[in-house]
Amino acid sequence: MQGEQAALPAFAKDAKMRFTESPNPTFSYGQTVAETDGGSSWREGESAGWKYVDTATEDPGKLYPLMISGIVPRPIAFVSSVSTDGTENLAPFSWFNMVTHNPPLVSISVSVAPSGSHKDTAANIKATKEFTVNIISEPFVENANITCIDAPAGISEWPLSGLTKEPSVHVKPARVKESAFSMECELFQANDIIHPVSGKHTTTLILGHVKAIHVRADVLNERGIVDITKFKPISRLGDISYARVGDAFRLPRQMWKLEGEKVQKFLKTLGDA
């Protein structure tokens with residue numbers, strides 16, 4: 001891996017995310033993909049056909065790399081938890097997302113260790129009902145990644161990371177001070193995922209009730225929401241790959257009261273054809 005890294009260009013620390021036009025700003029109702037800019041060449045790829053994967057017969061060891069390479073990019077929950085004996089744990093999970101804002105809930109999926117035992121994070125959260133979720137930004141992604149080490153129970157990843165513990169208000173686990181967006185969470189629900197055929201417990205889905213959010217003031221815009229260009233969040237891709245946010249574009253949601261007449265005229269043309 002060190003040889004591979006040496007052959008790569010240096011990380012562009014000064015690169016800035018920018019907003020651009022959408023891929024096809026002239027899109028109109030009913031326009032096919034082949035008619036859009038770049039769409040024709042994309043459709044040409046269909047000539048190679050599709051690989052069909054039957055998940056009932058595929059080796060789970062092969063499903064894992066396939067799914068994490070196709071379900072991308074994934075946000076990362078950098079989770080801080082504490083065991084019942086006081087050992088502090090820190091680990092990143094990319095099977096993570098927001099569930100709802102009312103009540104504010106987040107989800108984290110934690111796979112069961114090959115031995116069949118709970119990973120520290122799931123065991124800690126189930127036992128203590130508390131944790132924090134910290135979003136990772138570019139400047140400390142290596143610090144966060146080092147906590148992936150398969151350390152034995154009782155070993156805290158905090159000293160290895162070089163990151164700073166910041167006391168939480170509502171929960172015992174500390175938040176990561178270097179994170180510009182952290183959430184203090186209480187366990188809302190823990191659902192053990194049982195394989196429908198083998199009957200084995202393979203994963204635990206954790207729903208966390210967000211009790212408090214800490215946002216660094218310098219990443220907020222004038223509307224009080226996070227400015228993605230300043231936040232610089234990191235996401236996960238397939239294998240051991242991470243990604244930064246590149247160019248972005250905005251697409252408004254159409255409203256029927258403004259677009260309804262146009263839609264109906266378009267649908268009428270289809271009926272007349």
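Since we're looking at a predicted model, the values are computed, not measured. The chain is numbered in sequence order, starting from 1. Below, all heavy atoms of this structure are taken into account, side chains as well, without hydrogens, waters or symmetry copies.
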Checklist entry - Taking a hydrophobic cluster as the set of Ile, Leu, Val, Met, Phe, Trp and Tyr residues connected by side-chain heavy atoms closer than 4.5 Å, whether directly or through intermediates, do F231 and M183 fall within one such cluster? => result yes

Item to check | Taking every non-hydrogen atom, the tightest pair across S156 and T87 | outcome: N-CG2, 4.3 Å

Item to check | Stepwise side chain to side chain contact (heavy atoms under 4.5 Å, CB included) test for V133 and C185 | outcome: CA-CA 7 Å; V133 172; C185 302; 4.2 Å; yes

Checklist entry - Just wondering, are more than 12 heavy atoms of other shown residues or ligands nearer than 6.0 Å to CD1 in I146? => result no

Checklist entry - Going only through I, L, V, M, F, W and Y residues with side-chain contacts under 4.5 Å, is there a path from L220 to I213? => result yes

Checklist entry - Side-chain contact, heavy-atom cut-off 4.5 Å: K16 with T229? => result no

Checklist entry - For residues N145 and T147, is any side-chain donor paired with an opposing acceptor at under 3.5 Å? => result no

Checklist entry - Are any non-hydrogen side-chain atoms of V226 and V215 less than 4.5 angstrom apart? => result yes

Next on the checklist: Checking S22 against N24 for the side chain to side chain donor-acceptor pair (under 3.5 Å) test, could you report, in this order, the C-alpha distance in whole Å, the side-chain angles of both residues, the deciding distance, and whether it holds?
Outcome noted: CA-CA 6 Å; S22 65; N24 182 36; over 6 Å; no

Checklist entry - Can you find a side-chain donor-acceptor pair between S80 and E88 that sits under 3.5 Å? => result no

Checklist entry - Under 3.5 Å, side chain of E157 to main-chain N/O of I149, donor-acceptor pair present? => result no

Next on the checklist: Counting only heavy atoms from other residues, nucleotides and ligands, does the tally under 6.0 Å from NZ of K126 exceed 12?
Outcome noted: yes

Checklist entry - Between the side chains of S111 and K119, does any donor sit under 3.5 Å from an acceptor? => result yes

Next on the checklist: Tell me if a side-chain donor or acceptor on H101 pairs with a main-chain N or O of P103 at a distance below 3.5 Å.
Outcome noted: no

Item to check | CD (E21) with more than 12 external heavy atoms under 6.0 Å | outcome: no

Checklist outcome for this item: Separation between CD (E184) and NE2 (H209), nearest 0.5 Å, reads 12.0 Å

Checklist entry - Rounded to the nearest 0.5 Å, how far apart are CG of D54 and CG of L63? => result 9.5 Å

Checklist outcome for this item: For S107 and L207 the tightest heavy-atom approach is CB-CD2, 3.7 Å

Item to check | With T164, the side-chain hydrogen bond (donor to acceptor under 3.5 Å, both in side chains) member among K177, R175, E178 | outcome: E178

Checklist entry - For D14, does the CG atom sit with more than 12 other heavy atoms under 6.0 Å from it, leaving out its own atoms? => result no

Checklist outcome for this item: Rounding to 0.5 Å, atoms CZ (F181) and CZ (R216) come to a distance of 13.5 Å

Checklist outcome for this item: Between L237 and Y242, the two heavy atoms sitting closest are CD1-O, 3.8 Å

Item to check | Worked verdict on R74 versus I68 for side chain to side chain contact (heavy atoms under 4.5 Å, CB included) | outcome: CA-CA 9 Å; R74 299 186 305 281; I68 67 168; 3.7 Å; yes

Next on the checklist: Measuring only between side-chain heavy atoms, which start at C-beta, is H214 closer than 4.5 Å to V169?
Outcome noted: yes

Next on the checklist: Could you walk me through whether T32 and E35 satisfy the side chain to side chain donor-acceptor pair (under 3.5 Å) test, starting with their C-alpha distance in whole Å, then the side-chain angles of each, then the deciding distance to 0.1 Å, before giving a yes or no?
Outcome noted: CA-CA 5 Å; T32 67; E35 295 173 299; 3.0 Å; yes

Checklist entry - So, do F19 and I228 sit near enough that their side-chain heavy atoms are less than 4.5 Å apart? => result yes

Next on the checklist: Quick check against the 3.5 Å criterion: does S83 have a side-chain atom that pairs as donor or acceptor with the backbone of N124?
Outcome noted: no

Checklist entry - Among R244, K232, K13, which residue meets the side-chain hydrogen bond (donor to acceptor under 3.5 Å, both in side chains) test with E138? => result R244

Item to check | Closest contact, heavy atoms only, P92 versus F78 | outcome: N-CD1, 3.9 Å

Checklist entry - Going by distance alone, is a donor N or O of one side chain under 3.5 Å from an acceptor N or O of the other, for S182 and N134? => result yes

Next on the checklist: Is there a side chain to side chain contact (heavy atoms under 4.5 Å, CB included) between V219 and D227? Walk through the geometry before answering.
Outcome noted: CA-CA 6 Å; V219 302; D227 182 336; 5.6 Å; no

Checklist entry - Does F188 CZ have over 12 foreign heavy atoms under 6.0 Å away? => result no

Next on the checklist: Pairing donors with acceptors under 3.5 angstrom, does anything connect the side chains of H170 and E130?
Outcome noted: no

Item to check | Joint hydrophobic cluster, V110 plus V106, side-chain heavy atoms closer than 4.5 Å | outcome: yes

Next on the checklist: Quick check on the hydrophobic clustering: are F140 and M17 connected, directly or via other members, by side-chain heavy-atom contacts under 4.5 Å?
Outcome noted: no

Item to check | Pair F131-T121, side chain to side chain contact (heavy atoms under 4.5 Å, CB included): steps then yes or no | outcome: CA-CA 9 Å; F131 59 104; T121 298; over 6 Å; no

Checklist entry - Atom OG of S137 and atom CD1 of I76: how far apart are they, to the nearest 0.5 Å? => result 10.5 Å

Next on the checklist: Let me confirm one number: the CG-CG distance from N143 to L163, rounded to the nearest 0.5 Å.
Outcome noted: 4.5 Å

Next on the checklist: Nearest 0.5 Å, please: how far is CD in E259 from CZ in F266?
Outcome noted: 13.0 Å

Item to check | Exercise: identify the closest heavy-atom pair between T132 and P173 | outcome: CG2-O, 3.3 Å

Checklist entry - So if you build clusters from Ile, Leu, Val, Met, Phe, Trp, Tyr with side-chain heavy-atom gaps below 4.5 Å, do Y29 and W256 land together? => result yes

Checklist entry - Do you know the tightest heavy-atom contact between L90 and V176? => result CD1-CG2, 4.0 Å

